[in-house]
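Starting off with a structure, shown below.
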Amino acid sequence: MAKLNNENVDWQIVRYSEIIEHILRNYHIKLKKELPEIEKLVYTIFKVHFEDSGDILEKVHRLFGQLKTILESHIIKEERALFYMIMDYEKEPSEELLGDIMKIVENVEGDNKEIVELIEGINKVTKNYLVPSTGCPTYVNTYNKLKEMGEGLIEHIAIESIMFNRLKNK
Ligand SMILES: [Fe+2]
């Protein structure tokens, strides 16, 4: 299967199985690796910079914790159920299967909405990842990773949303 990149791809016509492959390869694998790493970094800077930036980092720590929890659940629901069901539907469409898919889609879309709100919350609390003058290299690294994760999530969710909308319009 050819590798897709985000540019010049019309997600309205790409096969569902290829979209899923793209999401798994470019977003889910990375998230599973990075969530625990970023969690440790966020915890570390919260502890080390408690005196100078504790008020901001307490909020970042809390928002990231919520984000990680929802993302783990998002990944499980998609990888253990939804994506298989969509690939089955592509091979053999049926009204019944589409109905079951829609129930999970609704649930995952609720999660995705919360994910976007949490990213916006982190953007706001960190003033778009503005490192304070007291920030050390770990602080910079943590903010860079958080920013990159947030940007990846926005793309990831946008592509999923196109796929879900295509299924809704069946
Ligand atoms: Fe996903």
Side-chain angles (χ1 to χ4, degrees), residues 1-43 60-94 96-126 128-129 142-170:
M1 192 178 291
K3 274 192 188 175
L4 300 173
N5 58 38
N6 286 346
E7 290 106 52
N8 309 319
V9 175
D10 185 353
W11 299 108
Q12 296 294 346
I13 52 168
V14 175
R15 285 168 58 83
Y16 297 134
S17 49
E18 287 189 66
I19 299 179
I20 289 170
E21 168 90 24
H22 176 81
I23 289 168
L24 293 173
R25 185 175 8 215
N26 293 287
Y27 302 106
H28 282 203
I29 290 175
K30 204 170 175 197
L31 270 179
K32 283 188 267 191
K33 180 176 169 284
E34 289 194 335
L35 282 172
E37 293 173 3
I38 301 175
E39 182 180 44
K40 275 192 204 135
L41 287 168
V42 167
Y43 176 75
V60 174
H61 179 256
R62 184 174 303 202
L63 291 166
F64 180 79
Q66 291 169 353
L67 182 61
K68 180 171 181 278
T69 302
I70 299 178
L71 281 168
E72 284 165 349
S73 165
H74 165 110
I75 290 169
I76 290 172
K77 284 183 265 190
E78 289 186 341
E79 292 189 7
R80 296 269 158 168
L82 184 59
F83 285 173
Y84 286 112
M85 292 160 78
I86 294 175
M87 287 190 287
D88 284 347
Y89 180 82
E90 186 163 62
K91 280 184 227 142
E92 210 180 317
S94 79
E96 197 194 346
L97 181 53
L98 188 59
D100 293 340
I101 288 171
M102 279 307 133
K103 280 182 211 144
I104 306 185
V105 161
E106 218 173 278
N107 177 308
V108 169
E109 281 186 323
D111 287 348
N112 286 356
K113 192 165 164 269
E114 273 186 76
I115 290 166
V116 172
E117 285 166 4
L118 287 164
I119 294 165
E120 286 167 354
I122 297 173
N123 293 347
K124 197 168 160 214
V125 161
T126 61
N128 282 317
Y129 309 91
T142 308
Y143 269 19
N144 284 343
K145 285 194 180 302
L146 274 173
K147 184 170 190 276
E148 197 190 314
M149 185 191 68
E151 287 165 357
L153 278 167
I154 299 294
E155 286 173 17
H156 167 181
I157 286 173
I159 297 169
E160 286 187 1
S161 170
I162 295 172
M163 176 168 71
F164 297 157
N165 286 330
R166 277 172 59 185
L167 286 158
K168 280 184 206 166
N169 295 324
K170 281 281 162 202

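When a ligand or atom number is given, it counts from 1 through the structure's own listing order. By convention here, the first residue in the shown sequence is residue 1.
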Name whichever N, O or S atom of E160 ends up nearest to the Fe ion (ligand 1).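 Nearest N/O/S atom of E160: OE2.
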Examine the side chains of H156 and H22 and answer whether a donor and an acceptor come within less than 3.5 Å of each other.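 Short answer, no.
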In E78, what N, O or S atom is nearest to the Fe ion (ligand 1), if we give its atom name?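 Checking each N, O and S atom of E78, the shortest distance to the Fe ion (ligand 1) belongs to OE1.
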What is the NE2(H28)-the Fe ion (ligand 1)-NE2(H156) angle, to the nearest 10 degrees?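 Vertex the Fe ion (ligand 1), arms to NE2 of H28 and NE2 of H156: 90°.
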Are the side chain of E78 and the backbone of F83 linked by a donor-acceptor contact shorter than 3.5 Å?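 Here the side-chain-to-backbone pair does not exist.
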Mark yes or no for whether R166, through its side chain, and W11, through its backbone, hold a donor-acceptor pair below 3.5 Å.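 A pair under 3.5 Å: yes.
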Side chains of E79 and Y84: do they bring a donor and an acceptor to under 3.5 Å?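 Checked: E79/Y84 side chains show no N/O donor-acceptor pair below 3.5 Å.
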